[in-house]
Protein chains: 2
Amino acid sequence: MQTSEFDRATAVEPDGSGRYLGRVLPGWDISGNANGGYLLALASQAMRTEAGRAHPVTVTAHYLTPAPEGPAEVLTEVVKAGRRFATVTGSLRQDGVERIRVMGTFGDLSEPDEGGPELIRAAHPELPDFDQLSTRRAGLVAIEDRLDVRLHPDDARFDDGIKSGAPVLRGWFAFADGRPIDPLALLLVCDAFPPAVFNIDITPGWVPTIELTVHVRRVPVPGPLRCRFETRFITNGCFEEDGEVWDSAGRLVAQSRQLALTPKPAASSSPR
Amino acid sequence: MQTSEFDRATAVEPDGSGRYLGRVLPGWDISGNANGGYLLALASQAMRTEAGRAHPVTVTAHYLTPAPEGPAEVLTEVVKAGRRFATVTGSLRQDGVERIRVMGTFGDLSEPDEGGPELIRAAHPELPDFDQLSTRRAGLVAIEDRLDVRLHPDDARFDDGIKSGAPVLRGWFAFADGRPIDPLALLLVCDAFPPAVFNIDITPGWVPTIELTVHVRRVPVPGPLRCRFETRFITNGCFEEDGEVWDSAGRLVAQSRQLALTPKPAASSSPR
């Protein structure tokens with residue numbers, strides 16, 4: 001069996017005491033710093049394994065220091081193991097330096113709760129068909145080669161200096177190697193697009209994330225995902241970016257929100 | 001000097017080793033279980049004290065077990081103390097039983113970052129003047145006596161069985177005793193309204209919160225706050241509720257999101 005790139009990049013080995021050994025792989029980075037969604041998925045892989053639960057339900061990461069490629073460990077602690085959910089913390093470290101601290105609640109989303117009330121007050125973004133769009137290749141970030149992100153043409157021209165004027169990015173997400181998208185991969189999806197603020201008149205550059213929370217609402221059916229990312233408030237040096245992710249059956253599968261620092265012209269190497 | 005009710009309810013004493021002693025006070029509960037925003041504020045009071053930082057910037061709580069009134073302790077750990085921010089964890093316990101686990105990033109929001117880009121893509125909710133509305137008194141929950149929540153008349157009639165049909169609640173927030181609203185109090189504000197889903201055809205009842213995240217975007221100027229809470233997706237047994245809080249100068253001061261379990265007709269005493 002061929003192992004997918006994402007599975008290799010999130011593989012962890014337990015040492016039996018809640019500590020997991022893994023590796024921040026090259027090729028998932030932006031200018032040498034691993035993508036935040038990838039780091040969250042790597043830590044959550046260890047956390048869900050320790051908890052013995054299939055899926056992340058709600059996870060939050062606080063970003064402490066940038067993570068280069070290389071060996072990593074995740075120290076986990078099961079805070080509470082309940083009947084339906086388990087709450088777990090994770091600390092991803094490299095050479096003793098903590099990169100991210102994660103807290104999450106894990107469970108099993110594979111049996112949908114179909115009997116309860118349903119209310120959907122927003123639709124998935126309207127996009128041209130996946131096959132009609134081309135894969136984004138800005139050529140700047142290595143992670144692009146792992147992913148198959150296809151942006152809505154109206155939102156995609158900022159790479160050529162033509163900003164839409166609205167901090168919104170809509171597009172499809174798939175893995176370049178065709179790996180199916182499961183709840184663990186949704187943690188990556190929610191941080192895999194360029195920042196939506198690149199579509200407004202703001203200095204593009206390093207956008208340091210302080211915190212990212214992802215709610216996994218459902219296991220996606222196979223196929224590429226429709227995604228929509230939007231920033232509504234840039235104020236006082238910070239902005240939020242909200243994400244909605246829909247599967248090919250048109251069902252909401254994840255929501256995300258992150259708090260980030262407004263890009264500065266002189267980007268520093270450390271976000272904090 | 002008269003101490004406000006909220007200050008008494010969130011008072012903590014350090015023991016010098018990162019442990020803080022406090023008390024879950026009566027009068028901040030719903031049917032004997034302390035309000036989740038109040039517990040988050042109590043834990044965050046200890047966390048910001050331990051970190052030596054003025055304000056919560058982004059905090060996330062996972063709710064483990066309901067908290068009755070009585071003595072409590074908060075075990076804190078400073079994960080990273082940076083120049084601008086400190087990241088801290090907190091564990092609120094009673095008699096050794098953990099109630100909530102919190103992770104947060106703290107800093108000083110009192111000097112607004114006015115030179116950077118600003119973009120506000122939503123307005124505060126339109127409300128009748130504070131003085132023209134009356135304080136909500138459903139008579140069911142003790143916390144109502146501490147707060148002065150004044151709902152928009154269009155959203156307020158669910159107490160009489162007249163639901164608006166939209167899971168939205170708009171209204172003013174103030175403390176009943178007139179205490180100014182600072183960033184710590186915003187953590188309470190974001191969980192102080194009835195659930196917005198009470199305005200749709202869903203069984204009212206115990207709505208167990210799994211996780212609540214609050215972003216404090218600015219220190220409010222004095223005066224009551226305009227709040228708007230909305231649920232957009234009820235699916236697969238869960239729903240999110242998003243909050244926006246604006247100060248009397250019309251500026252966004254907080255955003256929140258929580259993930260909760262859909263109310264069930266037969267409410268159980270434990271959410272997990």
Side-chain angles (χ1 to χ4, degrees), chain A residues 57-58 60 62 64-65 79-80 82-85 87 89 91 98 101-105 109 112-122 166-167 197 200-203 210-211 213 215 217-218 230-240 242 244 251-252 255 257 259 261-264 270 272, chain B residues 57-58 60 62 64-65 79-80 82-85 87 89 91 98 101-105 109 112-122 166-167 197 200-203 210-211 213 215 217-218 230-240 242 244 251-252 255 257 259 261-264 270 272:
Chain A
V57 175
T58 166
T60 293
H62 285 241
L64 307 170
T65 50
V79 173
K80 182 187 176 196
R83 185 181 52 80
R84 185 166 175 185
F85 298 122
T87 301
T89 61
S91 164
E98 187 162 7
R101 180 67 68 99
V102 183
M103 178 164 58
T105 290
L109 297 167
D113 184 349
E114 302 290 11
E118 287 270 329
L119 182 80
I120 303 293
R121 277 164 53 86
V197 293
I200 61 168
D201 192 17
I202 201 168
T203 311
I210 303 171
E211 176 260 341
T213 294
H215 295 173
R217 303 293 293 267
R218 188 181 288 272
E230 177 177 11
T231 291
R232 293 168 69 233
F233 304 107
I234 306 172
T235 184
N236 202 10
C238 288
F239 67 96
E240 93 291 347
D242 284 0
E244 285 174 16
R251 293 184 125 163
L252 181 78
Q255 271 188 304
R257 174 171 288 170
L259 185 68
L261 293 174
T262 310
K264 303 270 184 190
S270 167
R272 312 301 285 275
Chain B
V57 176
T58 166
T60 293
H62 285 240
L64 307 171
T65 50
V79 174
K80 182 188 176 193
R83 186 181 53 80
R84 186 166 174 186
F85 298 122
T87 301
T89 61
S91 165
E98 188 162 7
R101 180 68 66 99
V102 183
M103 178 165 58
T105 291
L109 297 166
D113 184 349
E114 301 291 11
E118 287 269 328
L119 182 79
I120 302 292
R121 279 165 52 86
V197 294
I200 61 169
D201 192 16
I202 200 169
T203 311
I210 302 172
E211 176 259 342
T213 294
H215 295 174
R217 302 294 294 265
R218 189 181 287 273
E230 176 176 10
T231 291
R232 293 168 70 233
F233 304 108
I234 306 173
T235 184
N236 202 9
C238 288
F239 67 96
E240 93 292 345
D242 284 0
E244 285 174 16
R251 292 184 127 166
L252 180 79
Q255 270 188 305
R257 174 172 287 170
L259 185 68
L261 294 174
T262 310
K264 303 270 184 187
S270 167
R272 312 303 284 277

- Task: Show your reasoning for whether side chain to side chain contact (heavy atoms under 4.5 Å, CB included) applies to B:Thr65 and A:Lys80.
- Result: CA-CA 10 Å; B:Thr65 50; A:Lys80 182 187 176 196; 4.0 Å; yes
Next on the checklist: Test side chain to side chain contact (heavy atoms under 4.5 Å, CB included) on A:Arg217 and B:Leu259; report intermediate values, then the result.
Outcome noted: CA-CA 10 Å; A:Arg217 303 293 293 267; B:Leu259 185 68; 4.1 Å; yes
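Both the backbone and the side chain of B:Glu118 come within contact range of chain A, judged by heavy atoms closer than 4.5 Å. Looking at A:Asp201, there are no atoms closer than 4.5 Å to chain B (heavy atoms on both sides), in backbone or side chain. A:Gln255 touches chain B through backbone and side chain together, each having a heavy atom under 4.5 Å away. Interface remark: A:Val197 contributes no atoms to any contact with chain B (heavy atom separation under 4.5 Å). Interface remark: B:Glu240 contributes backbone and side-chain atoms alike to the contact with chain A (heavy atom separation under 4.5 Å). At a 4.5 Å heavy-atom cutoff, the contact between B:Thr235 and chain A is made by backbone and side-chain atoms alike. Only the side chain of B:Thr89 comes within less than 4.5 Å of a heavy atom of chain A; its backbone N, CA, C and O stay farther away. With a 4.5 angstrom heavy-atom cutoff, A:Thr58 touches chain B via backbone and side-chain atoms both.
Atom CZ of B:Arg232 has more than 12 heavy atoms from other residues, nucleotides or ligands within 6.0 Å.
Looking only at heavy-atom pairs under 4.5 Å with chain B, the residue among A:Glu98, A:His215, A:Arg218 that has the most is A:His215.
Taking all atoms of both residues into account, the shortest heavy-atom contact from A:Ile234 to A:Phe239 is CG1-CB, 3.8 Å. Residues A:Arg101 and A:Leu64 come closest through the heavy atom pair N-CD1, 4.1 Å. Smallest separation of non-hydrogen atoms from B:Ile200 and B:Ala166: CG2-C, 3.8 Å.
Atom OG1 of A:Thr105 and atom CZ of A:Arg84 lie 11.5 Å apart (nearest 0.5 Å).
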